[in-house]
Amino acid sequence: MAQIQLTFPDGNAKPYDAGVTPAQVAADISTSLGKKAISATVNGTHWDLQWPIHEDAQIALHTMKDDAQANELIRHDLAHVMARAVQEIWPDTKVTIGPVIDNGWYYDFDRAEPFTPEDLGAIEKKMKEIINKRDPVTTEVWERDRAIKFYTANNEPYKVELIESIPGDEDLRMYWHGHWQDLCRGPHFQNTGQIPGDSFKLMSIAGAYWRGDSNRAMLQRIYGVAFRNKEKLKAHLTMLEEAAKRDHRKLGREMNLFHMQEEAPGQIFWHPNGWTIYTELQNYMRRKQRADGYQEVNTPQVVDRKLWEASGHWDKYQEHMFIVEVDEEHAREKSINALKPMNCPCHVQIYNQGLKSYRDLPMRLAEFGSCNRYEPSGALHGIMRVRGFTQDDGHIFCTEDQIEEECAKFIAFLSDVYKDLGFEKFEIMFATRPEKRVGSEESWDHVENALENAIKKTGHAYTLDPGEGAFYGPKLDFKLTDAIGREWQCGTFQVDPNLPERLDATYVGEDGVKHRPYMLHRACLGSFERFVGILIESHAGKLPFWLAPRQVVVASITSEADDYVHDVVAALKAAGVRAEADIRNEKINYKVREHSVGKVPVILAVGHREVEDRTVTVRRLGEKRTSVQTLDAVTKDLATAATPPDLL
RNA sequence: GCUGCUGUAGCUCAGAGGUAGAGCACUCCCUUGGUAAGGGAGAGGUCGAGAGUUCGAUUCUCUCCAGCAGCACCA
């Protein structure tokens, strides 16, 4: 028999018979490893213990201690076990696919009756029974015809379709978990008993389109989470609870920031507290942009369809625009308008007023552009995805040579802003031409190169995101990481050769001839609405002092201090601090609790002692310790804290 | 938009074919209390909207609206 050479991670190599399996290799190394091994990595591929190795290879054996591999096997096997459990309980259910995802897995089923939350308990119970049977897991490679016949006979049309979409020359792998089988790439455990039976949980049921296509059947998806042990499962569930506590919709209500109601779905009623955050943020951005060479503009809300037809939006996005028909009594024809869903066509109108020279470029226009989009009802989510929002929008008209410098300038600007707002970490995605696009291939080659060179020159790391560009041009997307590690795509920088063409924007070059400028669409926060939501969730409502809507509450301990409370509030207000008095007939305990729940960063308590000494007792949110300061000192401190970072 | 679930007081939620309840919040009274809920009393609801079944519907059925989870979408 032919011999092959297997090389281990420590560099040692050993000869084996060709066709040896990792299970045999593990047993050869030691009896205990033979028992503990769960899978292997062979030449970089996660490898089932049963799969034979036919040629020289790098091999590493895995045990349950290897988090990544253990989780993959646990989750993947549980997907199979769950599908088996579902088919055992409801035999007429058809199976489709069930991949591993972050923290768990899902499996999509086709079944006439909807699953109910109570069913999840029954499925979980059945899964535990299956795990306890310790059924062997076996695998075979099948030819596609055999597999198609098999699934046709078993009335599993989705599997047949799946196989038909797999390239013809590939063999298909089948797996059995006991008597139950599934088409599957693997790898898997050796028997179902290896799955930890006490550290998974079925989480939810939801609809999902077959093959992600909204024109096709809606399947029922069951989600589960699974970990190596109970402690990790518990930690995950606790994390979910923590995330739920930060939900901006809940905090928005508790902190009296905003509300939404049926009459205006997807639009926000900002309360004084919420609007304070919003305007602080907007004022900050206004100062930053002005300092960075932008000229602020403002453009109409309701614009005739002619402009949207010219820009191409009418064709492409009509369904998502709010249409306004004006039917005047004496009008010859009624005019049809749309609420602007974006600002760029209007900015081109400003650019187009008067001849532009190359000397005018780059021209940077910025607008806090209030836009309306008729988002699908299912997409709406609190203040994060809404139908009425304001972008920190900006458009830079420039020559091709200027793209590089503008890109670098924008990235520097964005880093600076994110840092000020408390987000140190962000990631850059370079999104290239999508399937549905306008413009020639040459033009795309050209512009993609220009943008990639620009980003390379800045020295920032970036990730390629193929096919995710805008229909008119490539873009950079900026994802920031929040306090609990979640990523949010906020900033964007897009190169657009298309719109200047469509709306006939030109400049006169050095050569005295008209040229087409490039247009760079860019935003830093994205939308103010969404960004305020991100700030709320990232800080769990405890916003940095300068952004906190209620910065200081001055609370009386006895009503004899009421006059002094008002003096303190007046002094703070005069120093630019948002301060309010609480002289209600309540105990200090009660007031401290209420304002702590309301996330007020500083409570100043005053009683007899403070009145006498012209001092205050300072209590900061989240700290039990208090300190006594003079009124002058505390006013000075808090005035500094209230100053936005760019003005310090 | 699609699938499923939900909609009862400002908030969180209970409830039943005979037109409603709790806690917190709110108002008033007592209490002047030293850092996360002092005590008492009171007020507050067309049970998301419309239609149907019924002697009678907030409860059952249907339609619509809105919200939630996921999918699809996101210029």
Side-chain angles (χ1 to χ4, degrees), chain A residues 106 108 113-117 119 203-223 247 249-250 253-254 256 259-266 308 311-321 340-345 371 373-382 384-387 389 391 434 436 438 468-473 475 489 492 494 496 498-499 521 526-527 530 555-562 583 585-598 603-610 617-626 628:
Chain A
Y106 65 77
D108 287 349
E113 290 292 303
F115 292 114
T116 66
D119 291 340
M203 301 298 285
S204 62
I205 309 153
Y209 296 110
W210 168 233
R211 316 212 91 179
D213 183 344
S214 58
N215 296 313
R216 307 203 58 176
M218 177 64 75
L219 306 170
Q220 298 190 63
R221 175 172 296 179
I222 301 179
Y223 284 92
D247 191 311
R249 294 165 297 189
K250 181 175 139 78
R253 202 163 37 236
E254 288 171 2
N256 194 12
H259 85 273
M260 305 178 82
Q261 62 187 54
E262 272 194 33
E263 288 80 356
W308 305 116
S311 71
H313 291 97
W314 190 260
D315 247 15
K316 224 170 159 55
Y317 294 108
Q318 196 186 142
E319 302 232 306
H320 299 289
M321 288 161 77
K340 72 172 170 188
M342 54 182 352
N343 310 297
C344 24
C371 297
R373 296 181 184 175
Y374 190 79
E375 300 284 7
S377 58
L380 303 178
H381 180 84
M384 299 280 205
R385 185 84 184 267
V386 287
R387 289 185 176 153
F389 57 96
Q391 297 174 312
K436 283 172 75 180
V438 297
E468 292 302 311
F471 71 91
Y472 47 74
K475 61 178 179 174
Q489 198 245 295
T492 190
Q494 315 178 353
D496 183 0
N498 180 250
L499 199 60
H521 308 249
S527 97
R530 180 159 171 273
S556 58
I557 291 168
T558 156
S559 56
E560 283 164 52
D562 287 359
I583 56 167
N585 176 14
E586 296 292 352
K587 292 193 171 175
I588 192 66
N589 289 312
Y590 184 92
K591 295 182 183 180
V592 165
R593 180 187 143 77
E594 187 175 284
H595 299 123
S596 299
V597 169
I603 298 169
L604 302 181
V606 302
H608 288 123
R609 296 201 293 264
E610 289 80 2
T617 298
V618 185
R619 189 190 203 278
R620 290 177 192 277
L621 183 57
E623 289 179 21
K624 258 200 118 57
R625 185 173 53 86
T626 60
V628 178

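Below, all heavy atoms of this structure are taken into account, side chains as well, without hydrogens, waters or symmetry copies. Lettering follows sequence order; numbering is per chain, from 1.
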* Asked: Between A:F471 and A:K436, which heavy-atom pair has the shortest distance, and what is it?
  -> CB-O, 3.6 Å
* Can you check whether A:K587 has a side-chain N or O nearer than 4.0 Å to OP1 or OP2 of B:rU35? -> no
* Just by distance, with hydrogens left out, do A:H608 and A:E560 show a side-chain donor and acceptor under 3.5 Å apart? -> yes
* **Nucleotide opposite B:rU53 in a Watson-Crick or G-U pair, distances under 3.5 Å** => none
* Mark yes when over 12 heavy atoms from residues, nucleotides or ligands other than A:E319 sit less than 6.0 Å from its CD; otherwise mark no. => no
* Looking only at N and O atoms, is any donor in the side chain of A:Y374 or the base of B:rG1 less than 3.5 Å from an acceptor on the other one? -> no
* Asked: Is A:T626 side chain donor-acceptor paired with the B:rU35 base, going by distance under 3.5 Å alone?
  -> no
* To do: Check the distance between B:rA72's P and A:E375's CD and give it to me in whole angstrom.
  => 16 Å
* Complement of B:rG7, any strand, by Watson-Crick or G-U distances under 3.5 angstrom -> B:rC65
* Structure fact -> Closest to the side chain of A:S204, out of B:rC73, B:rA66, B:rA69, is B:rA69
* Asked: Is the distance from OP1 or OP2 of B:rG1 to the nearest side-chain N or O of A:S377 less than 4.0 Å?
  -> yes
* Remember a base hit wins even if backbone is also touched, and classify A:P341 as base, sugar-phosphate or nothing at under 4.0 Å, heavy atoms. => base
* Return yes if the base of B:rG34 and the side-chain atoms of A:T617 contain a donor-acceptor N/O pair under 3.5 Å, otherwise no. => yes
* Starting at the 5' end of RNA chain B, which residue's closest nucleotide do you reach first, A:A206 or A:G378? -> A:G378
* Write down the partner of B:rA22 under the Watson-Crick or G-U wobble criteria, each distance required to be under 3.5 Å. => B:rU12
* Asked: Closest to the A:L380 side chain: B:rC73, B:rA36, B:rG67?
  -> B:rG67
* Asked: Under the 6.0 Å and 45° cation-pi test, does A:R216 pair with A:Y209?
  -> no
* **Side chain of A:H381 (C-beta onward), nearest among B:rU35, B:rG70, B:rA69** => B:rA69
* If we call it a pair only when both distances are under 3.5 Å in a Watson-Crick or G-U wobble match, what pairs with B:rG45? -> none
* Structure fact -> A:I222 atom CD1 is separated from B:rC71 atom C1', nearest whole Å, by 15 Å
* Determine, for nucleotides 43-50 of chain B in 5'-to-3' order, which nucleotides have protein heavy atoms under 4.0 Å from the base (write B), from only the sugar-phosphate (write S), or from neither (write -). => --------
* Is a donor-acceptor contact shorter than 3.5 angstrom present between the side chain of A:E610 and the base of B:rG34? -> yes
* Closer than 4.0 Å, any side-chain N/O of A:Y590 to the OP1 or OP2 of B:rA25? -> yes
* To do: Would you tell me whether A:H259 and A:Q261 have side-chain atoms, one donor and one acceptor, within less than 3.5 Å of each other?
  => yes
* **Pair partner, B:rU32 [Watson-Crick or wobble, under 3.5 Å]** => none
* To do: Kindly confirm whether the side-chain ring of A:Y317 is stacked on the base of B:rA75, judged by centres under 5.5 Å and planes under 30°.
  => yes
* Nearest to side-chain heavy atoms of A:R593, which nucleotide of B:rA36, B:rA72, B:rU3 -> B:rA36
* Nearest-Å distance for atom pair CG/P, residues A:N589 and B:rG39 -> 12 Å
* Taking atom types as modelled and ignoring hydrogens, do the side chains of A:N343 and A:Q391 form a donor-acceptor contact shorter than 3.5 angstrom? -> yes
* **Short side-chain N/O contact from A:R619 to OP1 or OP2 of B:rA36, under 4.0 Å** => yes
* Asked: For the side chain of A:R249 and the base of B:rC68, is some donor closer than 3.5 Å to an acceptor across the two?
  -> no
* Asked: Between B:rA66, B:rA36, B:rC73, which nucleotide has the shortest distance from any of its atoms to the side chain of A:A379?
  -> B:rC73
* State the pairing partner of B:rU58; accept Watson-Crick or G-U wobble contacts with both distances under 3.5 Å, and report none otherwise. => none
* Is A:R373 side chain donor-acceptor paired with the B:rC74 base, going by distance under 3.5 Å alone? -> no
